[in-house]
Amino acid sequence: MIKILFFGQLREVLQTEILQLDINELGKLPVNVAELRVFLQAKSELWQEYLCSSRSLVAVNQTMASETNLIADDDEVALFPPVTGG
Amino acid sequence: MIKILFFGQLREVLQTEILQLDINELGKLPVNVAELRVFLQAKSELWQEYLCSSRSLVAVNQTMASETNLIADDDEVALFPPVTGG
Amino acid sequence: MRQNFIKVQQQDFNLEAEYRALCLDNQQDGAVVFFVGLVRDFNQGAEVKSLFLEHYSGMTEKCLESIVVQARDKWQLGRVRVLHRVGQLELGEQIVFVGVSSPHRKNAFEACEFIMDYLKTQAPFWKKELSPEGETWLEAKQSDHNEADKWGA
Amino acid sequence: MRQNFIKVQQQDFNLEAEYRALCLDNQQDGAVVFFVGLVRDFNQGAEVKSLFLEHYSGMTEKCLESIVVQARDKWQLGRVRVLHRVGQLELGEQIVFVGVSSPHRKNAFEACEFIMDYLKTQAPFWKKELSPEGETWLEAKQSDHNEADKWGA
């Protein structure tokens with residue numbers, strides 16, 4: 001299973017805090033960040049809009065990830081808007 | 001009269017804290033910072049050494065002055081080593 | 001005394017205590033630079049009454065730790081303390097503290113600024129402004145990214 | 001609350017009080033940067049036990065005032081506080097405080113650094129180190145002048 005966490009506005013708009021996903025549901029393996037985005041974006045127009053790479057960042061196992069980062073089973077993936085701390 | 005103040009190592013080495021000088025003693029008028037230096041440097045070898053422009057800065061009326069700054073009667077002149085505050 | 005202290009917390013912090021922690025039994029560092037960020041009412045329009053700060057617990061601490069490690073690679077630093085608050089914060093409250101001690105003034109200044117620049121663009125915090133008109137998530141500012149980029153990541 | 005506060009004094013200063021003076025009833029400035037300089041034992045060799053700080057009373061205050069005016073010309077600043085101690089200071093004691101508040105983080109950082117750079121090279125203070133081997137007047141450092149020059153006087 002992959003654990004997918006949502007933060008900030010993304011969590012609120014998508015009304016999702018956490019999602020458990022069987023990695024085999026993603027079809028082809030290995031799978032990267034860009035492909036996970038496409039899979040999640042298929043859920044609805046809202047997901048389509050908010051999960052595009054210009055509106056959301058991705059961390060894999062609590063480290064910022066790029067679109068080509070591979071995702072393995074048991075990974076913790078997080079999706080969130082550009083950060084605004086400080 | 002010109003009031004000439006000495007600070008830091010200059011005050012200690014020259015054993016002079018303050019000097020009152022009749023501006024007419026300086027010979028030609030108007031007189032500038034460089035000419036005042038030369039006048040004071042004539043006092044002794046120690047004054048010669050410590051009052052050269054590489055070892056001492058000059059302020060006129062509490063503002064940093066250059067060598068060509070003119071000095072007028074009643075001015076407050078100060079001679080001191082490069083500053084080391086902070 | 002630990003050389004790095006990094007903490008994400010709801011409760012307020014005390015500047016004097018942070019300062020003491022940077023200086024106490026520290027004979028080497030003649031320069032201390034701090035930054036404190038406070039809740040102000042001009043962020044992106046509207047009359048801000050308070051902020052809500054959310055973070056990604058676990059990743060935040062890792063990320064701040066990594067920023068401090070990067071700062072230590074670039075500058076000679078003594079102690080580094082980073083505190084960031086989360087939860088609801090009212091107008092005037094303290095949000096973030098970064099304190100750096102160093103034998104060298106420039107190192108302390110640059111490292112403190114670097115840590116703030118990276119924290120702003122990398123650490124997983126999100127701010128929501130609460131005003132009489134409602135709630136608004138803050139948008140990331142391009143200027144913050146420009147500042148972070150200048151350190152040549 | 002005065003926007004500029006500049007003081008040369010023998011007695012110690014309290015960081016918490018300075019911080020409060022920068023923040024109290026200040027709704028505009030979300031960023032506060034401080035610098036504190038302390039007596040350390042590595043200045044120019046020898047085992048420094050204490051420092052003696054002399055200054056040119058009258059000119060010092062004028063000079064610091066002028067540095068703060070220059071900083072305000074360059075950056076958008078809220079409050080600026082500069083405190084510098086004189087007389088005999090022991091190892092570990094505070095020497096100088098520069099605190100700057102601003103709506104903008106970068107402005108606060110740059111102004112604080114600028115004020116320190118200029119203070120180091122322009123304000124008429126002189127330090128004598130007192131060590132078991134005797135008294136030594138500190139030499140000005142070229143690096144301090146290089147730092148000050150970078151602001152394009």
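Computed over heavy atoms, backbone and side chain alike; hydrogens, waters and symmetry mates excluded. Letters go in sequence order (proteins before strands), and every chain restarts at 1.
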(request) For Phe34(C), check ring pair (Phe, Tyr, Trp, His ring centres under 6.0 Å) against everything at least two apart and list the hits. (result) Tyr19(C), Phe97(C), Phe34(D)

(message) Looking at Gln15(A), I'd like to know if its CD atom is crowded, meaning that more than 12 non-hydrogen atoms belonging to other residues, nucleotides or ligands lie closer than 6.0 Å.
(response) no

(message) Need one label for His55(C): side chain, backbone, both or neither, based on atoms under 4.5 Å from any heavy atom in chain A.
(response) backbone

(request) Would you check if the side chain of Lys127(C) reaches a backbone N or O of Gly86(A) as a donor-acceptor pair within less than 3.5 Å? (result) yes

(message) How long is the straight-line distance from OH of Tyr56(C) back to CD of Glu76(A), given to the nearest 0.5 Å?
(response) 3.5 Å

(request) State the CE-CZ distance between Met59(C) and Phe80(A), to the nearest 0.5 angstrom. (result) 4.5 Å

(message) So Pro124(C) and Phe7(A), do their side chains get closer than 4.5 Å, heavy atoms only?
(response) no

(request) With a 4.5 angstrom heavy-atom cut-off, could you sort out which part of Leu5(A) is near chain C: side chain, backbone, both or neither? (result) side chain

(message) For the OG1 atom of Thr84(A) and the CG atom of Leu53(C), what is their distance to the nearest 0.5 Å?
(response) 7.0 Å

(request) Measure the CD-CD distance between Gln9(A) and Glu139(C) for me, rounded to the nearest 0.5 Å. (result) 7.0 Å

(message) With a 4.5 angstrom heavy-atom cut-off, is it the side chain or the backbone of Lys62(C) that approaches chain A, or both, or neither?
(response) side chain

(message) Can a donor-acceptor pair be found, under 3.5 Å and without considering hydrogens, that links the side chain of His84(C) to the backbone of Gly85(A)?
(response) no

(message) Could you measure the distance from the CE atom of Met64(A) to the SG atom of Cys63(C)? Nearest 0.5 Å is fine.
(response) 6.5 Å

(message) Is Gln122(C) close to chain A through its backbone or its side chain, or both, or neither, when contacts mean heavy atoms under 4.5 Å?
(response) backbone

(request) Could you tell me which residues satisfy side chain to side chain contact (heavy atoms under 4.5 Å, CB included) with Pro82(A), sequence neighbours excluded, listed by chain and number? (result) Ala140(C)

(message) At a 4.5 Å cut-off on heavy atoms, which part of Ser57(C) comes close to chain A: side chain, backbone, both, or neither?
(response) backbone

(message) Atom CD of residue position Glu45(A) - does it have more than 12 heavy atoms of other residues, nucleotides or ligands inside 6.0 Å?
(response) no

